[in-house]
Amino acid sequence: MKDDIHDYIESLLTPREGLLDEMEQYAAEHRVPIMEPVGIDTLLAVLKLQNPARLLEIGTAIGYSALRMTAAVPGLRVTTLERDEDRFEKANQYISRSGDQDRIHILFGDALELAEKAAEDGPFDAIFIDAAKGQYRRFFELYAPMLKQGGVIYSDNVLFKGYAAGVDAPTKRIEKMVRKITDYNQWLMAHPGYDTSIIPSGDGIAISIKRSEEK
Ligand code: SAM
């Protein structure tokens, strides 16, 4: 999204208060990459329309998006995966303080090794992929079988600060990550089992709706 449009939308959002504000400040101070306000606002609006009962999140960080999602969608239960121990512990602390600990189950470990444990909480109405960008396709392929018919997979960062759309990447490392994201986007858009649209909000969110088998 163009900067001036993005800034305008952000200026209209109600500032977060209390625990969420504290988490945003913690994330900024400790350089924890949580979803940014405009992107999460869009994701929450779509989730409210979908009204999932169970959601799997890949990439908890400190639990910010998990808490925003349970606050936005009545009755939603979130299972969320995180491999960084400090973030996992911080997420547990914040979620206990929020009072939503019965609705958010955090599993510690590499998402590529947690499928069996995560499946115990499934099947899921929605999956939200927001972890290592180079692994999105592997996350998708591993967890998609746990998604119900008509379920939705949301993938964050698919425009990756505009680099995916051709903005020059500043380093070779970023260039490599961009290629992985653009490969993922092409694969995802062509996936015969899903109808996918990309929303240019925040860092770019792909919405992939699982087709029914009869089609
Ligand atoms: N969804 C969070 C939010 O908006 O509040 C932000 C998640 S942050 C962008 C990505 C997180 O995924 C990081 O905390 C990182 O440690 C975690 N992560 C990356 N690769 C992972 C993997 N393979 N398994 C589990 N966690 C992973």
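All residue numbers in this chain count up from 1 along the given sequence. All values below come from the heavy atoms of this structure, side chains included, with hydrogens, waters and symmetry mates left out. All ligand and atom numbering here is 1-based and tracks the order in the structure.
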Legend entry - Distance-only donor-acceptor check, side chains Tyr154 and Gln50, under 3.5 Å: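 Distance-only check passes for Tyr154 and Gln50.
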Legend entry - Under 3.5 Å side-chain donor-acceptor pair for Glu57 and Ser65: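 A donor-acceptor contact under 3.5 Å links the two side chains.
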What protein heavy atom sits nearest [atom], and how far away is it?
{"atom": "atom 18 (N) of ligand 1", "result": "Ala131 CB, 3.7 Å"}
{"atom": "atom 10 (C) of ligand 1", "result": "Asp130 O, 3.0 Å"}
{"atom": "atom 24 (N) of ligand 1", "result": "Ala111 N, 2.8 Å"}
{"atom": "atom 26 (N) of ligand 1", "result": "Arg83 N, 3.2 Å"}
{"atom": "atom 19 (C) of ligand 1", "result": "Ala132 N, 3.3 Å"}
{"atom": "atom 13 (C) of ligand 1", "result": "Arg87 NH1, 3.2 Å"}
{"atom": "atom 12 (O) of ligand 1", "result": "Gly59 CA, 3.3 Å"}
{"atom": "atom 9 (C) of ligand 1", "result": "Pro33 O, 2.9 Å"}

Legend entry - Sub-6.0 Å ring centroid separation between Phe140 and Tyr194: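 Ring centroids of Phe140 and Tyr194 are less than 6.0 Å from each other.
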Legend entry - Flag, side chain of Arg77 to backbone of Ile104, donor-acceptor distance under 3.5 Å: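 Side chain of Arg77 to backbone of Ile104, a donor-acceptor pair under 3.5 Å: no, none is there.
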Legend entry - Test: Lys148 and Asp125 ion pair at under 4.0 Å: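 So Lys148 pairs with Asp125 through a salt bridge.
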Inset, instruction - May I ask you to decide whether Asp195 forms a salt bridge with Arg211, counting only side-chain N to carboxylate O separations under 4.0 Å? - result: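 Yes, this pair counts.
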In terms of atom number and element, which parts of ligand 1 are under 4.0 angstrom from non-hydrogen atoms of [X]?
{"X": "Phe139", "value": "23 (N)"}
{"X": "Asp110", "value": "22 (C), 23 (N), 24 (N)"}
{"X": "Gly109", "value": "24 (N), 25 (C)"}
{"X": "Met35", "value": "3 (C), 4 (O)"}
{"X": "Ser65", "value": "1 (N), 2 (C), 3 (C), 4 (O), 5 (O)"}

Legend entry - Six-ring centre of Phe160, Lys133 cation under 6.0 angstrom, axis tolerance 45°: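 So Lys133 does make the cation-pi contact.
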Legend entry - Geometric cation-pi criterion Lys90 and Tyr94, 6.0 Å radius, 45° cone: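 Output yes; distance and angle both within limits.
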Inset, instruction - With heavy atoms under 4.0 Å as the rule, classify the contact between Leu112 and ligand 1 as side chain, backbone, both or neither. - result: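 Neither; nothing of Leu112 gets under 4.0 Å from ligand 1.
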Inset, instruction - Group every Ile, Leu, Val, Met, Phe, Trp and Tyr by side-chain heavy-atom contacts under 4.5 Å, then state whether Leu20 and Phe128 land in the same group. - result: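 Same hydrophobic cluster.
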Legend entry - Option nearest atom 15 (C) of ligand 1 (shortest heavy-atom distance, choices Gln135, Glu82, Met23):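 The nearest heavy atom belongs to Glu82.
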Inset, instruction - Assess Glu57 for proximity to ligand 1: is some non-hydrogen atom of it under 4.0 Å away? - result: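 True for this residue.
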Legend entry - Test item, Thr60 contacting ligand 1 (heavy atom, 4.0 angstrom):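 For ligand 1, residue contact (heavy atoms, under 4.0 Å) with Thr60 is present.
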Legend entry - Heavy-atom closest contact (Leu81 atom, Tyr143 atom, distance):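 Looking at all heavy atoms of both residues, the closest pair is CD1-OH, 3.4 Å.
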Inset, instruction - Check whether any side-chain heavy atom of Val167 sits under 4.5 Å from a side-chain heavy atom of Lys161, and report yes or no. - result: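 They are not in side-chain contact.
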